[in-house]
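The next block holds one structure in the form of structure tokens; read it before the comments.
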Amino acid sequence: MEERYIPQKVELKWQKYWSEKGLYSTLADPSKKKFYCLEMFPYPSGEIHMGHARNYIIGDVIARYKRMCGYNVLHPMGWDAFGLPAENAAIKHGVHPAQWTYKNIDYMKKQLNRMGLSYDWEREVTTCSPGYYKWNQWFFLKMFERGLAYRKNSFVNWCPSCATVLANEQVIDERCWRCESLVVQKELEQWFLKITHYAEELLKGCEELKGWPERVVSMQKNWIGRSTGVEVDFRIDGMDENIRIFTTRQDTLFGATFVCLAPTHPLVERLVPESKKGDLSKLKERYGRMDEKMGLFTDFYAINPMNNERIPIFIANFVLMEYGTGAIMSVPAHDQRDFDFAQKYGLPIKVVIVPEQKSSASGVSSHTPPLSPPLVKGGNGGVDSELQPMNLELTEAYEGEGILVNSGQFSGLRSDIARERIAQFIEHKGIGISVTNYKFRDWGISRQRYWGTPIPIIYCERCGIVSVPERDIPIVLPENVKFTGKGGSPLLESEKFINTECPKCGSRARRETDTMDTFVDSSWYFIRYCFKKGEIDLDSELRTQNSELSYWMPVDQYIGGIEHAVLHLLYSRFFIKVMRDLGLIGFSEPFQNLLTQGMVIKDGAKMSKSKGNVVDPNHMIEKYGADTLRLFSLFAAPPEKDLEWSDKGIEGAYRFLKRLWGIVYKNKFEIRNSKFEINNISNLQTSAMSLYRKTHQTIKRVTTDIEREYHFNTAVAGLMELVNEIASFESKTSASGGEDRATLRFAVERVLLLLSPFAPHIAEELWEALGNTPSIVEQRWPDWDEEVAKEERVELVIQVNGKLRSRLLIPVGISDDEIKEMALQEQKIKEIVGGRTIKKVIVVKGKLVNVVI
RNA sequence: GCGAGAGUGGCGUAACUGGUAGACGCGCUGGACUUAGGAUCCAGUGGGGCAACCCGUAGGGGUUCAACUCCCCUCUCUCGCACCA
């Protein structure tokens, strides 16, 4: 009697079994090699979507595979539980954010378990629990002590819809990363973490991230945005003031023909005459707008310290106060933006760099060779007039490197050398310094919302800013607050929360009401997983020698979406470096290997409710079972690529499992009753031998496919091939003889072992059906025999002049000369070669022969 | 503009260091079993041609006995950053 494959029945049975046996519970054990497999934890929004499912399936396969390979595997899961949606739900439906969040967690946890994911739930982390966020506050206090957390007044990104501040990393195309509202600039007192203190190390550390995808590393480098140059003082003519500018192109200093200040530059008020104040405010309105470049002449001039030229000072809307010094020198001949500006306002353009040698001059029309003799001569003295004819030829700026001309003592030098010399010169003369600038800013963490970690700070009327003493944390969120949705954090209205005493002087004081960015929570959650559940004293845990932390960390394999390339992944690296400098840990990078899985798309677009192309993993599990869902999402594309969802494709995966099920049940008794061992492979019939060989080959293939960049798609394809072969073997032989049965059993059992990381439930069920003791989870990953895996005979390809002309079956191990002879004797080849002379015969061992005529 | 990556059948994809292009799956075609099948099984399936053969990995050059793979040029697409001085 053939039993039917009912995946849901099978899956629930084994999920119950695994959980009862606690098979995925892990303990640190220094005698075993460890493997920390981590997937980015979800925000408990209420539903696991296909993107989550794919992420966690990939992670689960890795965890299960490594476990079978004998590693002590840490595979935890938790909840990134603070955040706005909970608060919005509270405003909309009157549910407390905690209630909403915990309800979602409950449900989503069931969903994860229903997928058969092998988590150690005893390490579950929920970031909104005081036992967790206490340590956010603790880290904050440690940073505050060291000046790594500080408060300042600044313009910040403000999302009007979320009514809160956003970090630079959370603004995408001038919009909020969460709700896509247009972000505005607002001046606020904010708490910042000094991530720029680690700018250089975060950048250098990128070189160590060997196990990370290129593009993530380059995105981080890009984001940090290091550039080196000089700051130089330009004296203001007729005023005892300097304008300090920043440039990376000090080799073009002699070509500066005007200076531009940001509209918010401190000197602006003094430089702009009353009569032009109106124009100035217009300019300010257009600050930061990319469409139009606007300038305003101040009536003042600056002195170029290199050549003492008197050059006009402008205010320009495109100069950013936030970067460099908020002032620039403009070199229209060698910067396109300055060039456009100079054209618009009729300012002089002075060439000081010419392309080296013949290289086709961009910006200089071709009939005027850039290195024409008069120009070179003029280079010594810096006589403008000699350059005038050239200027007429300029159609655009030449931004490349080259040879300096018209640059005093530096003329004739190459750009790179000139940059060094000029930097030295400037420092020597005391008119400036060499500097390194970074594009990224300190991390603003203040959020004007309720559902987050309270910042442990007290404002005392007498003492000012006072940190909460460590013994008083956690500062717990008050539960009894109102969610009106009307401006401001509910904490502002909680008198009980706000009013407190100064821990220093005891006088009346107010608590900070801002909470922390939730990215603080996720910057170290992987550290927390290293310890089992329950309240822990992280401080003393971290200080204990041989703590679990030093056993498990760093994470061996991290899996998650590319969207965190510069957010979470950068913040976590920062946190780890801070912890190291606090003497808490002994390593500098949290994640050894990073796998960024592709998106799940349907009909050419990312799944989204608005597009109506969402496929719910729940429905797929109801219809086909979790094993099928897992198998399909692994098979349809390699993990790092986007996965195109196909309703038909998942049926193929289902069919495959049903087929395997059918084969096993059909031969259940024959297999059970066969003696397992194949003592002597020479006893095997040809068909049995070929199945036996295919089995070994498949073990090898699946193993190497997993080891090599986690190519699960081809690993699954290999399993399908083997199952196809098993099917035809069993239908031909009816598994009659003893050796045949043994071979069949061998093949089927290997398939189950190899399949178990991908489709663990069916593997368990069939493993048991064949008379084995559960659990397959505890089985070792199978080995293969290289000798057996080798083909006895191979098909030799015979080419003539590189074109395939014939094939020949040859035994393995015959010599090149014999192969050559066989190829030349082959009827077809003889015909083609005819009477022509053979120039050369190339033999590739075991593969092909190419006859060149 | 800068940086990263990708272009292979009708579709998802495969081909490790250059060595049989299209494994595996979907779809499609034909057949078998069926009252029926969107179940299952068998056979076929890059294009052209009756055939021998010819043509095919975005396009064009090149290196090589041999190129999806290496080099040069062009085109297209995706992603990230972008007034950063």
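It should be emphasised that the depicted structure is a prediction, and the values quoted were computed from it without experimental measurement. Chain naming here is simple, since letters A, B, ... match the order of the sequence lines and numbering starts at 1 in each. No hydrogens, no waters, no symmetry mates; every other heavy atom, side chains included, goes into these values.
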Distance between C1' atoms of B/C70 and B/C77 (Å, rounded): 24 Å

Sugar-phosphate only, base, or nothing, as touched by A/Arg805 at under 4.0 Å among non-hydrogen atoms: sugar-phosphate

Whole-Å P distance, B/G59 and B/U8: 10 Å

Distance test, side-chain N/O of A/Lys803 to OP1/OP2 of B/C55, below 4.0 Å: yes

For RNA chain B, stems built from three or more consecutive Watson-Crick or G-U wobble pairs below 3.5 Å: B:1-7 with B:75-81, B:10-12 with B:24-26, B:27-32 with B:40-45, B:46-48 with B:53-55, B:58-62 with B:70-74

5' priority, RNA chain B, between A/Ile562 and A/Leu848 [closest heavy atom]: A/Leu848

Parallel, tilted or perpendicular: ring planes of A/Tyr345 versus A/Phe341, cut at 30 and 60 degrees: tilted

Whole-Å distance separating the CZ atom of A/Phe341 from the C1' atom of B/A85: 13 Å

Same-atom distance (C1') from B/U57 to B/U76, integer angstrom: 16 Å

Polar side-chain contact A/Asn850-B/C65 base: donor and acceptor under 3.5 Å: yes

Under-4.0 Å side-chain N/O to phosphate OP1/OP2 contact, A/Tyr323 with B/A85: yes

Rounded P spacing from B/G46 to B/G22 in Å: 9 Å

N/O (side chain, A/Arg215) to phosphate O (OP1/OP2, B/C81) under 4.0 Å: no

Salt-bridge present (A/Lys221, A/Glu207; N to O < 4.0 Å): yes

Distance, C1' atom - from B/C42 to B/G48, rounded to whole angstrom: 28 Å

C1' spacing across the pair B/G1 / B/G56, given as an integer number of angstrom: 37 Å

Whole angstrom value for the distance that separates C1' of B/A21 from CZ of A/Arg807: 11 Å

A/Pro638, nearest nucleotide to its side chain (from B/U13, B/G3, B/C84): B/U13

Euclidean distance for C1', B/G7 against B/U17 (whole angstrom): 24 Å

Among B/C24, B/A85, B/G27, the nucleotide that comes nearest once only the side chain of A/Lys648 is considered: B/G27

Parallel, tilted or perpendicular: ring planes of A/Trp443 versus A/Tyr571, cut at 30 and 60 degrees: parallel

Distance in angstrom units between A/Arg701 CZ and B/A14 P, rounded: 11 Å

A/Lys828 side-chain N/O to B/C53 phosphate OP1/OP2 under 4.0 Å: yes

N or O in side chain of A/Asn713 less than 4.0 angstrom from B/A14 OP1/OP2: yes

Between B/A32 and B/G19 - C1' atom distance, rounded Å: 41 Å

